[in-house]
Amino acid sequence: MIQNGFSYLALLVFLAGGLKILEERVKGKWFEYVPAVVCLYLLTMLLGSSGLWEMNEEIRQLSAALQANLMPAMLFLMLLKSDLRRIVRLGGRLLLAFFIASFSIAAGFILTFALFRSLLEPDSWKAFAALCGSWIGGSANMMALKGMLEVPNAQFGYTLLMDSVDYSLWLMVLLALVPYAHKFNRWTRADSGVLEEITRKLEREAEHDRRHITFGDLIFLLGLGLGVAAVAQLAGSWLPVSDYIRSSTWTVLLVTVAGCLLAMTPIGKLPGTLELSNTMLYILIALIGSMVNLSELQAAPLYIALGLVIIAFHALIMAGAARLLRFDLFTCGVASLANIGGVASATIIAATYSPVLIPVGVLMAMLGFITGTGVGMLVGRILSLL
């Protein structure tokens, strides 16, 4: 049994790296539907539940400190790739589809919680709010909301299970629908002729900005990310708080603003931001998974079922909007997965239609990173009042 903090952290980082290497080098469909980050959470949860490490005070303090300090740095670095000027160039129809998808997901959370709240624990709204942040933005937003709302580890375990299981099922459904896109487009009377021209322009811009990562890039971005996080934490401790707005809330808002502003400067074009931020994300997911005990997740089937209800509401609203506004299936699918799945799944669904459309998926997912935390906070506030 592991009893000291360093050995505990070393094992978690090793597991994170090993699973990521497997995802990149092992051929097959498994990691397309169950990403390495989901496998990491499940594996660390299983190992922690088996008693491989002792949940003593040293390990608890180390885990809490790393989560509190890495989360804002990770969010800031991810947002450095969210250049609002480039996102705006997607065009009105694609942005409208994205925001309708975001609205439908938020509405799904509110409707589902209102219908089934009698079956849930009193603080379960926190788990739903954190999941809403993930399904609007991504895992970084979910981690931010965990800290802002102080979601208990057991409740957050439900959040991660819903995120992984329900997201994987929805991804499979959307991929299965791709061969029938022409039928869907006939039903909605869609005209998608402008997409290729938009994406070619975006792809040329991305190619112009692309260059190899250097050690200087990495060490500068690491220092910048940690520095911005430290300043935001200090500033957040000075700002007024309430029952719903805590110092951690201010920290997340400040790093979000800083990330969006610096994304429009030469700093936003530096390579290595996603690599560093994803490293921090994997460490955070491993830390959280390691703190969850399977015996505390007795209501997992109920939460997973409610996640599917949320997606059903989302799908119905998106179908209605597609019919009314003449969206094609690509636009609906990439808008949905840019919210629910983030960059990776939005890229997968875009690539199944055409490689030239990949930048659309990436940029729409970046928009989700910007809006996810705020929407999750708003939905959480509404759920807490129900």
Side-chain angles (χ1 to χ4, degrees), residues 41 60-61 63-79 82 102 105-106 109-110 113 120-160 162-163 225-226 228-260 277 280-281 283-285 287-289 291-292 303 339-340 342 367-386:
Y41 168 72
R60 289 184 185 278
Q61 287 184 358
S63 179
L66 285 171
Q67 289 183 50
N69 293 299
L70 283 181
M71 184 276 296
M74 172 200 66
L75 185 60
F76 167 76
L77 290 172
M78 283 192 171
L79 287 168
S82 303
S102 297
I105 292 166
F109 274 93
I110 295 168
F113 191 82
L120 301 167
E121 299 172 3
D123 284 342
S124 59
W125 65 268
K126 295 182 179 181
F128 279 80
L131 181 62
C132 182
S134 176
W135 281 6
I136 299 294
S139 298
N141 305 91
M142 177 173 61
M143 298 301 304
L145 285 160
K146 180 187 185 299
M148 294 164 75
L149 300 176
E150 298 180 356
V151 184
N153 284 327
Q155 284 286 335
F156 197 66
Y158 292 130
T159 299
L160 288 166
M162 293 165 73
D163 190 29
L226 295 175
V228 169
V231 171
Q233 286 176 331
L234 181 61
S237 67
W238 294 339
L239 294 168
V241 297
S242 65
D243 290 340
Y244 197 70
I245 303 295
R246 302 178 175 87
S247 60
S248 58
T249 307
W250 287 116
T251 298
V252 169
L253 293 176
L254 290 170
V255 298
T256 299
V257 171
C260 290
S277 58
M280 295 178 182
L281 173 63
I283 293 172
L284 287 168
I285 291 294
L287 288 167
I288 291 169
M291 304 294 287
V292 176
Y303 279 83
N339 280 275
I340 293 178
L367 182 57
F369 277 134
I370 296 172
T371 60
T373 304
V375 175
M377 283 290 290
L378 176 61
V379 169
R381 183 61 173 168
I382 294 171
L383 298 185
S384 70
L385 297 175
L386 290 177

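Between Lys146 and Met71, the closest side-chain pair of non-hydrogen atoms is not below 4.5 Å. Side-chain contact check for Ser277 versus Leu281: every heavy-atom pair is 4.5 Å or farther apart. Using a 4.5 Å heavy-atom cutoff, the side chains of Trp125 and Leu385 are not in contact. In this structure, the side chains of Val151 and Leu145 stay at 4.5 Å or more apart for every pair of heavy atoms.
The closest donor-acceptor contact from the side chain of Thr159 to the backbone of Ala127 lies under 3.5 Å. A donor-acceptor contact shorter than 3.5 Å links the side chain of Trp250 to the backbone of Pro240. Panel note: side chain Ser63, backbone Arg60; no donor-acceptor pair is recorded below 3.5 Å.
How far CG of Leu66 is from CE of Met280: 11.0 Å, rounded to the nearest 0.5 Å. The line from CG of Leu383 to SG of Cys132 is 7.5 Å long, rounded to the nearest 0.5 Å. How far CG of Leu70 is from CG of Leu287: 7.5 Å, rounded to the nearest 0.5 Å. With rounding to the nearest 0.5 Å, the separation of CG in Leu131 from OG in Ser134 is 6.0 Å. Going from atom CG of Leu226 over to atom CG of Leu77 covers 8.0 Å, rounded to the nearest 0.5 Å.
When each of Asp163, Val375, Val379 is paired with Trp135, the side chain to side chain contact (heavy atoms under 4.5 Å, CB included) condition holds for Asp163 and for no other. Considering Val255, Leu254, Thr251 in turn, Thr251 is the only one that fulfils the side chain to side chain contact (heavy atoms under 4.5 Å, CB included) rule with Gln233.
Nearest approach of Ala73 to Ala229, heavy atoms of both residues: N-CB, 3.7 Å. For Ala258 against Val228, the heavy-atom pair with the smallest separation is CB-CG1, 4.2 Å. Across all non-hydrogen atoms, the minimal contact from Ser124 to Tyr303 is CB-OH, 3.3 Å. When all heavy atoms of Gly376 and Ala129 are compared, the closest pair comes out as O-CB, 3.8 Å.
Residue pairs meeting the side chain to side chain donor-acceptor pair (under 3.5 Å) criterion with at least one member in residues 368-379, sequence neighbours excluded: Asn141-Thr373.
The aromatic rings of Phe128 and Phe113 sit perpendicular to each other, their planes meeting at more than 60°, with 30° as the lower class boundary.
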